[in-house]
Number of protein chains: 2
Amino acid sequence: MNHMSEANEQMTIRQMCAEFGVTPRTLRFYESKELLAPLRRGQTRLFTRRDRARLKLILRGKRFGFALEEMRELLDLYDRDDTRLLQLRKGLKLGRKHLAEMEARRGELDEAIRDLRAELDHGARVLSQATAKPMTVKPTPEPEVIR
Amino acid sequence: MNHMSEANEQMTIRQMCAEFGVTPRTLRFYESKELLAPLRRGQTRLFTRRDRARLKLILRGKRFGFALEEMRELLDLYDRDDTRLLQLRKGLKLGRKHLAEMEARRGELDEAIRDLRAELDHGARVLSQATAKPMTVKPTPEPEVIR
DNA sequence: AGGCCGGCTGACGTTTACGTCAACGTAACG
DNA sequence: CGTTACGTTGACGTAAACGTCAGCCGGCCT
């Protein structure tokens, strides 16, 4: 009962690593870059729910090719410090820019997916034809246009 | 003189750079990694439509965080060498894996977009409320500056 | 008391994806 | 015929994002 105190609020570095699949080095590195700001019990880091939220966003950003430095600025937007209006304005502007980037990227991703699908379809077609009549092995002088 | 020769088929390194917004170094680097294989007129590289197609895919892949090495394997899939069936099979498998990754990534991207939008809406709401009744402004060190 | 675990701080190493610079070739321009 | 422009090949440098290793704490078990 005791060791199950409702504090999964603060967690150690190992627990964080387990939850997010990163190494301690990574978390310390992020802290050094001021992306995270865990509490301290003596020397030991204690990661809060805020750190977890930020880390989630960081890793998400990374997966889409945003640099850590870019993410750092954006993180404040998610912090919802509604008291400082100037900051908020800046954050909104930045956020909108980011959103536009992401939507553009989604469009491109869709295109890439379409293209890749087309290639896969083509490949599958060629393959089924080849296995159907295995005579047509080498000469493929089809007038197919490469687009 | 014949600057209008119909050969935009083979193009020089500068022309490539202009078309794709990269540096010569980048193209030479890609060649060294066997991602491109331009022809040669003596020493000079001549990039073909094949190189252009590949470069387009490379840059696209990069924008979505795929490493050059990953892209290199995939590029063959787009080459449509329909003669080597075993290769084709391998390529298809790889391509499908890649496609699955991209689709997963698109799902995540959509989620990220939704989240960011929510934050932006929240921010905008807070901001409009604050400007409507500016009494609830926490002690801001600086007086409000317009944008 | 001794030993191990988990965490901490440097500090240097590594990988990826190029940038930068030197030295050279060659073709055209004036 | 010199210089300007574009091309080439090394070779070394760099920024980002960690990995790795050494050395040192402070608890906790036995």
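We use all heavy atoms of the structure for the numbers below, so side chains are in, but hydrogens, waters and symmetry mates are not. What you are looking at is a predicted structure, and each value in this text was computed from that prediction instead of being measured.
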d(CG, B:Leu27; P, C:dG19) in whole Å: 10 Å
Nucleotide C:dC8, atom P - distance to CE of A:Met16 in whole Å: 12 Å
A:Thr44 side chain near D:dG26 phosphate (N/O to OP1/OP2, under 4.0 Å): no
N/O donor-acceptor pairs under 3.5 Å from side chains in residues 28-39 of chain B, not counting sequence neighbours:
{"from": "B:Glu31", "atom 1": "OE1", "to": "B:Arg45", "atom 2": "NH1", "distance (Å)": "2.3"}
{"from": "B:Glu31", "atom 1": "OE2", "to": "B:Arg40", "atom 2": "NH2", "distance (Å)": "3.1"}
{"from": "B:Ser32", "atom 1": "OG", "to": "B:Phe29", "atom 2": "O", "distance (Å)": "2.6"}

d(CZ, B:Arg40; P, D:dG7) in whole Å: 13 Å
Name each donor-acceptor pair under 3.5 Å that joins a side chain in residues 64-76 of chain B to protein atoms two or more places apart or in another chain, with its distance.
{"from": "B:Glu69", "atom 1": "OE2", "to": "B:Arg72", "atom 2": "NE", "distance (Å)": "3.3"}
{"from": "B:Glu69", "atom 1": "OE2", "to": "B:Arg72", "atom 2": "NH2", "distance (Å)": "2.5"}
{"from": "B:Glu70", "atom 1": "OE2", "to": "B:Ala67", "atom 2": "N", "distance (Å)": "3.0"}

Interatomic distance where CD belongs to B:Glu31 and P belongs to D:dG7 [whole Å]: 14 Å
Sugar-phosphate, base or nothing in reach of B:Arg28, heavy atoms under 4.0 Å: base
B:Asp79: salt bridge (charged side-chain N to carboxylate O under 4.0 Å, His left out) partners, not counting sequence neighbours: B:Arg50, B:Arg54
Check: residues 12-19 of chain A side-chain donor-acceptor pairs under 3.5 Å, at least two apart:
{"from": "A:Thr12", "atom 1": "OG1", "to": "A:Arg14", "atom 2": "N", "distance (Å)": "3.3"}
{"from": "A:Gln15", "atom 1": "OE1", "to": "A:Thr12", "atom 2": "N", "distance (Å)": "2.8"}

Nucleotides 13-23 of chain D: protein proximity per nucleotide (B base, S sugar-phosphate only, - neither; heavy atom, under 4.0 Å): ----BBBB---
Length of the line joining A:Leu46:CG and C:dG7:P, which is rounded to integer Å: 11 Å
For B:Arg60, side-chain hydrogen bond (donor to acceptor under 3.5 Å, both in side chains) partners two or more places apart: A:Glu111, A:Asp115
Nucleotide C:dC18, atom P - distance to CD1 of B:Ile13 in whole Å: 14 Å
Between CG on residue A:Leu116 and NE2 on residue B:His98, distance to nearest 0.5 Å: 6.5 Å
Spacing between A:Gln43 atom CD and D:dC25 atom P, to the nearest angstrom: 11 Å
Touch class at under 4.0 angstrom, heavy-atom based, for A:Arg41 against every strand present: nothing
